[in-house]
Trainee: 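Here's a structure for you.
This chain uses plain numbering: 1 for the first residue, then up along the sequence. Not measured: the values here are computed from a predicted model.
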Amino acid sequence: MKQPLKIGHRGAKGHLAENTLESIQKALELGVGAIELDVHRCRTGELVVIHDFTLDRTTNGEGEVAGKTLEELRALKIEGKFKIPLLKEVLDLIEGKCRINIELKGSHTAPGTCEIIRDYLKNRNWSYEDFIVSSFQKNELFEVYGIDPNIPIGILSKASFPEAIELGKLVKAKAIHPSIGIITRANVKLSQQQGFLVNVWTVNDPEAIQRMKNFGVDGIISDYPDLL
Ligand code: G3P
Ligand code: CA
């Protein structure tokens with residue numbers, strides 16, 4: 001049986017505070033093949049790594065990420081000790097060690113993300129296949145495709161496999177990223193027959209991990225990548 005790519009969710013969310021450099025370092029130590037993380041654009045334009053649109057759940061701050069300056073965000077603490085990283089800091093940390101799945105969570109994240117990717121392709125030790133940019137937001141994916149059609153795209157879906165495949169064709173996506181709640185063996189096969197990889201999220205339970213392997217998925221995104 002083929003071994004799917006091990007993808008650490010928000011770093012290694014099950015072990016350390018999500019989307020922090022420490023969590024990403026932990027995922028690297030657990031031997032991941034890729035790391036998934038979420039990006040938002042802050043008020044001063046930089047791309048920061050955080051899941052929610054607001055600061056309240058994961059930091060000691062409050063309010064919208066998009067309404068804060070980088071300086072304001074950098075002053076905040078996660079679990080009393082960690083910081084909100086910049087996307088660039090994550091790329092610097094994992095360069096040459098694994099691939100990255102950048103989820104465009106916030107609005108207006110496509111242009112800045114593409115700019116960073118193209119900078120790292122040109123000036124650093126990264127290649128196109130080290131990246132996959134995913135999103136639930138169609139407009140961000142169309143923007144990525146318009147800026148550079150060579151950047152690999154993943155279509156995130158928690159509702160409909162057929163719709164994800166249709167959108168995937170429009171933006172020449174590399175992969176479909178379905179939630180475990182919509183996956184079936186037939187959907188996996190159909191997607192792969194149409195040329196897409198299938199990377200499923202978020203799979204933490206050993207029985208479900210085995211089921212996804214039996215389905216022949218290409219990648220599994222997990223809070224506990226060590227279980228993969
Ligand atoms: O990219 C897979 C998964 O992370 C999407 O959902 O809410 O965990 O960002 P969420
Ligand atoms: Ca995510």
Trainee: Distance check, rounded to the nearest 0.5 Å: Glu103 atom CD versus His9 atom NE2?
Mentor: 7.0 Å

Trainee: Would you give the length of the straight line joining atom CG of Leu141 to atom CG of Leu170, rounded to the nearest 0.5 angstrom?
Mentor: 11.0 Å

Trainee: Do Glu46 and Thr44 have side-chain atoms, one donor and one acceptor, less than 3.5 Å apart?
Mentor: yes

Trainee: Check for a donor-acceptor pair, side chain of Ser222 on one end and backbone N or O of Val203 on the other, with a separation under 3.5 Å.
Mentor: yes

Trainee: Who else is in Leu16's hydrophobic cluster (ILVMFWY, side-chain heavy atoms under 4.5 Å, direct or via others)?
Mentor: Val48, Ile50, Leu55, Val65, Leu70, Leu73, Leu76, Ile78, Phe82, Ile84, Leu86

Trainee: Both conditions, 6.0 Å and 45 degrees, for the charged tip of Lys158 above the ring of Phe136: are they met here?
Mentor: yes

Trainee: Could you tell me whether the side chain of Ser134 and the main chain of Gly154 form a donor-acceptor pair under 3.5 Å?
Mentor: no

Trainee: Pairs in or reaching into residues 73-84: which pass side-chain hydrogen bond (donor to acceptor under 3.5 Å, both in side chains), with residues at least two apart or in two chains?
Mentor: Arg74-Glu89

Trainee: Is a donor on one side and an acceptor on the other found under 3.5 Å between the side chain of His40 and the backbone of Asp52?
Mentor: yes

Trainee: Could you tell me whether the side chain of Lys213 and the main chain of Leu228 form a donor-acceptor pair under 3.5 Å?
Mentor: yes

Trainee: Look only at the side chain of Gln137 and the backbone of Lys105, and say whether a donor-acceptor pair between them is shorter than 3.5 Å.
Mentor: yes

Trainee: Please determine which of Lys6, Lys26, His15 meets the side chain to side chain donor-acceptor pair (under 3.5 Å) test together with Asp226.
Mentor: His15

Trainee: NE2/His177 to CH2/Trp201 distance, rounded to the nearest 0.5 angstrom?
Mentor: 11.0 Å

Trainee: Ile100 and side chain to side chain contact (heavy atoms under 4.5 Å, CB included): which single residue from Asp130, Ile132, Leu37 fits?
Mentor: Leu37

Trainee: Quick one about Asn214 and Gln210 (side-chain donor to acceptor, distance below 3.5 Å, no hydrogens or angles considered), yes or no?
Mentor: yes

Trainee: Check for a donor-acceptor pair, side chain of Glu36 on one end and backbone N or O of Ile7 on the other, with a separation under 3.5 Å.
Mentor: no

